[in-house]
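The analysis underlying the following values was restricted to heavy atoms, covering all of them including side chains, and did not include hydrogens, waters or symmetry mates. So you know, we letter chains A, B, ... as the sequences are listed, proteins then strands, and number each from 1.
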Number of protein chains: 2
Amino acid sequence: MPNVPAATQAISLLKLLARHAGPLPAASIARELDLPRSTVYHLLAVLRDEGFVMHLAEERRYGLGVEAFALGSAYSRQAPLQRVARPLLTRLVETSSHNAHLAILHGREVFYVIEERAPGRPPLVTDVGVRLPASLTATGLAMLAALPSAQVRALFPNRDAFVQRHDVGVTSLTQLRAELIRVRQRTYAIEEGLVTPEFSSVAAAVVDHTGHPVAAVAVTYPADDVDDDRRRELARQVTRTAADLTRRIGGRA
Amino acid sequence: MPNVPAATQAISLLKLLARHAGPLPAASIARELDLPRSTVYHLLAVLRDEGFVMHLAEERRYGLGVEAFALGSAYSRQAPLQRVARPLLTRLVETSSHNAHLAILHGREVFYVIEERAPGRPPLVTDVGVRLPASLTATGLAMLAALPSAQVRALFPNRDAFVQRHDVGVTSLTQLRAELIRVRQRTYAIEEGLVTPEFSSVAAAVVDHTGHPVAAVAVTYPADDVDDDRRRELARQVTRTAADLTRRIGGRA
DNA sequence: GTCAAGTGTCTCAGATACGAGACGGAACCC
DNA sequence: GGGTTCCGTCTCGTATCTGAGACACTTGAC
């Protein structure tokens, strides 16, 4: 277990500022992180010097600084998966005429790293940077289905690990396993109205050379506009895009 | 002066990983940061736990993690300037048929936060996340021209503060001041071939309610394709976009 | 105008983190 | 197979950081 408390506190402070919709006063930061006020001021001073935090003196609040943006840009520049995936998602949007996105698994959540919107389609909740519970999303289910059984159990050790949305969603490991069996049988995941009522998604996993899921591709469409035949066609396009991306990153396709 | 060495070291490590094109071995990190190996491993352990760094075990290297991306996304979500500016730059690209970008001043450098590429135009060096010396760029000159004289002097205290590119660029405060006078007289900045040979840019500053420059808007075009009349027209569109953005953020226009 | 609450800075002693260096294992080279 | 280099983990004593709390200033309520 690493023990570098000042580094951990600094990182926690940045994460706190990222979680909120806007800048925070120092007293709120101290309270939410349960840190002494003087410690918080020391950390803020360092983070300001380094450009990760800026002080809005008139509002007496602290917000993220441009170095936070620079870090995110550096991650995007260095991440081979996103660079390779972007043109493939652009093409998927063209052929499907629906919004497409790429997500990665981060613990029990999915994290959206690419969102390509189709012309004339509304923006969805699955915007870049958003996190959602994996068990509730098509992309999450697609990736969980590609994980070894023991790893799924490790991620969901008890009933508390499950969340619901709009009063719907799996609530136990047994239910989740059953759903993942269905995903494997179909070779794609379906989510109907769990994330956004009246919208559905189909998703397929992207796996690396060991077969481990590194991302999932999905398309989202208005549920009423798409019959079973149309949905199978969208699923075919999504699984083909995911397989193509898997091949391009040298994965086991 | 803040003194929280572990926090400073952690942040320096993240910045180092951001500066490089890809992941680094721990030994390189120790060498470039001039830190003991055990200290570096402690910091890497914390940053991994928090998701800011990932360990590529097969390559024995460390790279930025998805929380770096999440931080950058949070900054973009919270930054009102970029949200307001993006549709204006999209429209500027449509009317001008050239690439447009938005930059902010960060010390003596400009930092590109939006890049909108025109259809059929090549990507340029001014990509999102890139930094360039302010004195060499149209956006930098536009913002410097809107700063009080004392602040320009503080940013460029001596000849060492100036850099050149392709053997061209101002090398003294006197030369810089003369150029900034010209920028103010024209109400826009011009850069010809300093950033990318054979490409030129025109830029105008976006100022806040105090008249302080918070960003600059620019258009970049192939120098040979644009005669004086055409360039004046592009400059008119750029200064209008910058004024529009200034008004929308409640600036002094 | 007065009082309370909040912000930001500063000091310094006791608690604790830092980092030198040892160790085991892996990878590479011959 | 042996030797070298590098990686990653671990220990513990000394140097140094953390944070309680005082202080000055600003803002807001009455």
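For D34(B), the CG atom is loosely surrounded, since the number of other residues' heavy atoms within 6.0 Å does not exceed 12. The environment of R240(A) atom CZ is sparse: at most 12 non-hydrogen atoms of other residues, nucleotides or ligands sit within 6.0 angstrom.
Atom P of nucleotide dC18(C) and atom CG of L33(B) are separated by 15 Å, given to the nearest angstrom. Distance OH (Y41(A)) to P (dG6(C)): 12 Å, rounded to an integer number of Å. A straight line from CZ of R31(B) to C1' of dC7(D) spans 14 Å, rounded to a whole angstrom. One interatomic measurement links the two molecules: CG of L56(A) to P of dG8(C), which rounds to 11 Å at whole-angstrom precision. One atom, CG of L24(B), and another, P of dC6(D), lie 16 Å apart when rounded to the nearest Å. In this structure, the CZ atom of R48(A) is 12 Å from the C1' atom of dT9(C), given to the nearest Å. As rounded to whole Å, 8 Å separates atom C1' of dT7(C) from atom OH of Y62(A). If you take CD of E58(A) and P of dG8(C), they are 12 Å apart, rounded to a whole angstrom.
Contacts of H42(B) classified as ring-ring contact (aromatic ring centres under 6.0 Å, His included), with partners at least two apart in sequence or in another chain: none.
When only modelled atom types and interatomic distance are considered, T174(A) and R177(A) share no side-chain donor-acceptor pair under 3.5 Å.
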Is there a side chain to side chain contact (heavy atoms under 4.5 Å, CB included) between L155(B) and L147(B) once you walk through the steps?
CA-CA 10 Å; L155(B) 283 172; L147(B) 280 178; 3.8 Å; yes
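Atom CD in Q9(B) sits 4.5 Å away from atom CG in L35(B) (nearest 0.5 Å).
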Going 5' to 3' along nucleotides 17-26 of chain D, which nucleotides have protein heavy atoms under 4.0 Å from the base (write B), which only from the sugar-phosphate (write S), and which from neither (write -)?
SSBBBB---S
